[in-house]
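Report on one structure; see the data block that follows.
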Amino acid sequence: MFLRLSLFTLLISLLCAAHAEEKFGPYAEPDFPVLTSTVDFSDWEKLGFPKNNIAVRGLIIKLPHDLYVCFDQDLLRVAGIWQGEPGGKFLTETTIPAISYNIENKKSEPGQKDLPKPIGKPLMATGLMPGWILKAAKDVTPEDLVDLRPSGPDPKEPGRGPLPAENYGWEGYNVGLGDVLLFYRCGERHIYESFQSAVIDGKVLVRRNITLNAPQPPVVLRSGEEAIILGESPQPKLSLVLGMAGKNHSTPEAIVAGAALFSSSTKAVWDIYFARHDETLGATTGAFASKGRSEFGPRIVNSPVGGVVSLAGAFEVTNEPLPVPNEWKRNIRPSGIAFFQDGEAVICTIDGDLWRVSGLNSDGPRQWYWYGSGLHEPQSVVVLKEDVYVFTRDGIVVLRNPRGRYPNANPNIIACSAAPPFFNFCNAFTQT
């Protein structure tokens with residue numbers, strides 16, 4: 001009898017857990033083209049890829065064909081590219097927000113033993129080193145191909161902060177222009193880049209498009225593990241150091257090729273292609289695409305009027321209901337709130353979302369406008385004039401006048417048909 005009761009209790013527990021997991025959708029918002037997270041690529045070492053490869057401040061860019069690019073915001077490098085599994089499975093969920101998203105109060109393991117890891121097949125990876133070298137190719141030495149950032153009290157800790165600000169600077173990204181556009185600075189040059197994917201002749205390809213705003217002085221791009229210098233174009237002087245994982249063809253490798261598409265006295269545009277290790281590169285002309293503005297549309301949801309609870313003293317407390325459940329099955333767990341001068345609120349959630357809430361100072365229902373996602377565990381938010389500053393693990397991220405893009409006169413425009421750019425305000429502190 002005791003065994004039957006135990007089995008029955010276990011069955012009920014499993015059913016309740018399954019029901020809880022179905023309450024919300026996935027932690028990584030499927031309709032948003034980026035996710036910021038630490039990514040641990042160390043399991044790829046046995047396949048011949050770089051050792052100790054961890055992107056502490058990783059910006060994961062989602063592409064069609066279940067492809068994902070992780071850009072290291074500290075080292076300004078492509079830490080890894082891989083093809084995930086169908087159904088949106090591309091990263092293990094081991095952080096506290098991820099594992100508690102559908103199961104309340106579940107916590108992650110401490111330390112860095114169980115960091116998020118890529119799910120799927122690797123295409124390429126770049127080791128722990130700066131993605132760009134401010135030298136001509138002929139002047140590059142082995143000392144330039146290592147991580148020169150000073151370590152903290154624990155030399156094994158991969159989180160060492162950004163590259164020196166006098167030479168490098170992560171500036172942010174924009175998800176509202178079709179492509180996810182990254183922008184950062186190397187020396188005196190501003191660099192803009194985006195990624196697209198395609199399937200050509202049955203082969204999965206990723207294209208990295210890089211634009212430099214000035215051709216001088218020469219620089220070296222590090223995109224891969226082995227140092228293979230393809231040479232310098234006469235004008236502009238842009239050198240590419242590309243490479244493979246593994247030292248022979250019996251181990252997986254990232255097949256890459258560079259092609260100068262446009263050059264002038266003011267800027268340079270380069271395309272770099274990546275293919276699966278078991279495929280030759282072949283043709284690179286085809287319908288390359290990305291996930292941008294068209295992947296996420298307006299989200300406006302009403303929540304009922306809250307009840308007012310008056311307290312003795314100078315405060316009045318209003319219990320404001322959250323718009324949960326909603327048609328997108330998005331969990332809403334606020335971690336910070338701030339107010340514009342007109343009383344409209346902006347709320348960040350521990351799961352990386354940004355919401356604007358209007359109607360708080362009226363007697364009618366409240367309207368919630370979703371206009372951003374994918375931030376790295378936001379902890380607080382501040383409004384200065386019309387700019388929104390969010391404190392995250394990646395640093396302080398600022399959205400310049402997000403309401404100015406969606407006039408209040410038309411609520412159908414207010415919602416996030418396109419999110420404002422996410423600018424880096426300060427990432428000088430170390431993220432461990």
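All heavy atoms count here, side chains included; hydrogens, waters and symmetry mates do not.
When every heavy atom of His65 is checked against every heavy atom of Ser197, the shortest pair comes out as CD2-OG, 3.1 Å. Summarising the geometry of Pro130 relative to Val146, their closest heavy-atom pair is CD-O, 3.4 Å, with the distance given to 0.1 Å. Thr430 approaches Gly159 most closely through the heavy-atom pair CG2-O, 3.0 Å. Closest approach of Pro323 and Asn326 over heavy atoms only: O-ND2, 3.0 Å. Minimum interatomic distance between Ile54 and Leu128 (heavy atoms only, all atoms of both residues): O-CD2, 3.7 Å.
The aromatic ring centroids of Phe71 and Trp170 lie less than 6.0 Å from each other.
Between the CG atom of Leu35 and the OG atom of Ser373 there is a distance of 7.5 Å, given to the nearest 0.5 Å. How far CH2 of Trp368 is from CD of Glu320: 8.0 Å, rounded to the nearest 0.5 Å. In this structure, the separation between CG on Asp147 and CZ on Arg160 is 5.5 Å, given to the nearest 0.5 Å. One finds the CG atom of Asp114 at 4.5 Å from the OG1 atom of Thr94 (value rounded to the nearest 0.5 Å). The distance from atom CG of Leu182 to atom CD of Glu171, rounded to the nearest 0.5 Å, is 11.5 Å. Interatomic distance, Ser358 OG to Tyr369 OH, rounded to the nearest 0.5 Å: 3.5 Å.
The closest side-chain heavy-atom distance from Ile396 to Val398 is not below 4.5 Å. Inter-residue side-chain proximity for Glu193 and Asn209 is flagged as unmet; no heavy-atom pair is nearer than 4.5 Å. The shortest distance between side-chain heavy atoms of Val140 and Leu145 falls below 4.5 Å. Glu386 places none of its side-chain heavy atoms less than 4.5 Å from the side chain of Arg400. For the pair Leu212 and Tyr192, the minimum side-chain heavy-atom distance is 4.5 Å or more. Residues Tyr371 and Val346 form a side-chain contact, since some pair of their non-hydrogen atoms from C-beta on lies under 4.5 Å apart.
Arg366 places a side-chain N or O within donor-acceptor distance of the main-chain N or O of Gly364, the cut-off being under 3.5 Å. Between the side chain of Asp144 and the backbone N or O of Thr141 there is at least one donor-acceptor pair closer than 3.5 Å. A side-chain donor-acceptor contact under 3.5 Å links Trp82 to the backbone of Phe90. A donor-acceptor pair under 3.5 Å is formed between the side chain of Lys62 and the backbone N or O of Phe32. Thr36 contributes a side-chain N or O that, together with a main-chain N or O of Gly374, makes up a donor-acceptor pair within less than 3.5 Å.
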Between Thr349 and Trp355, does a side-chain contact (heavy atoms from CB on, under 4.5 Å) hold up when you go through it step by step?
CA-CA 8 Å; Thr349 74; Trp355 294 83; 4.1 Å; yes

side-chain contact (heavy atoms from CB on, under 4.5 Å) for Glu93 and Leu91? Distances and angles first, verdict last.
CA-CA 6 Å; Glu93 296 182 350; Leu91 193 70; over 6 Å; no

side-chain contact (heavy atoms from CB on, under 4.5 Å) between Leu67 and Phe195: does it pass, once the steps are laid out?
CA-CA 10 Å; Leu67 289 161; Phe195 297 84; over 6 Å; no

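For the residue pair Tyr101 / Arg330, a side-chain donor-acceptor distance below 3.5 Å is found, with atom types taken as modelled. Neither side chain, Gln431 nor His376, offers a donor N or O lying under 3.5 Å from an acceptor on the other. Asp179 and Ser290 share a donor-acceptor pair across their side chains, judged by distance under 3.5 Å alone. A side-chain N or O of Ser194 and one of Gln196 form a donor-acceptor pair less than 3.5 Å apart. At a cut-off of 3.5 Å, with distance as the only test, no side-chain donor of Thr392 or Asp394 sits close to an acceptor on the other residue.
For the ring pair (Phe, Tyr, Trp, His ring centres under 6.0 Å) with Phe423, the qualifying choice from Phe183, Tyr389, Tyr184 is Phe183, the only one to do so.
Between Asp353 and Arg333 there is no salt bridge, since no side-chain nitrogen of the basic residue lies less than 4.0 Å from a carboxylate oxygen of the acidic one. The residues Asp387 and Lys385 are annotated as not salt-bridged, no charged nitrogen and carboxylate oxygen being separated by less than 4.0 angstrom. With respect to the salt-bridge test (charged N to carboxylate O, under 4.0 angstrom), the residues Arg393 and Glu377 qualify.
Cation-pi contact between Arg207 and Phe288: present, with separation from the ring centre below 6.0 Å and deviation from the ring axis of at most 45°.
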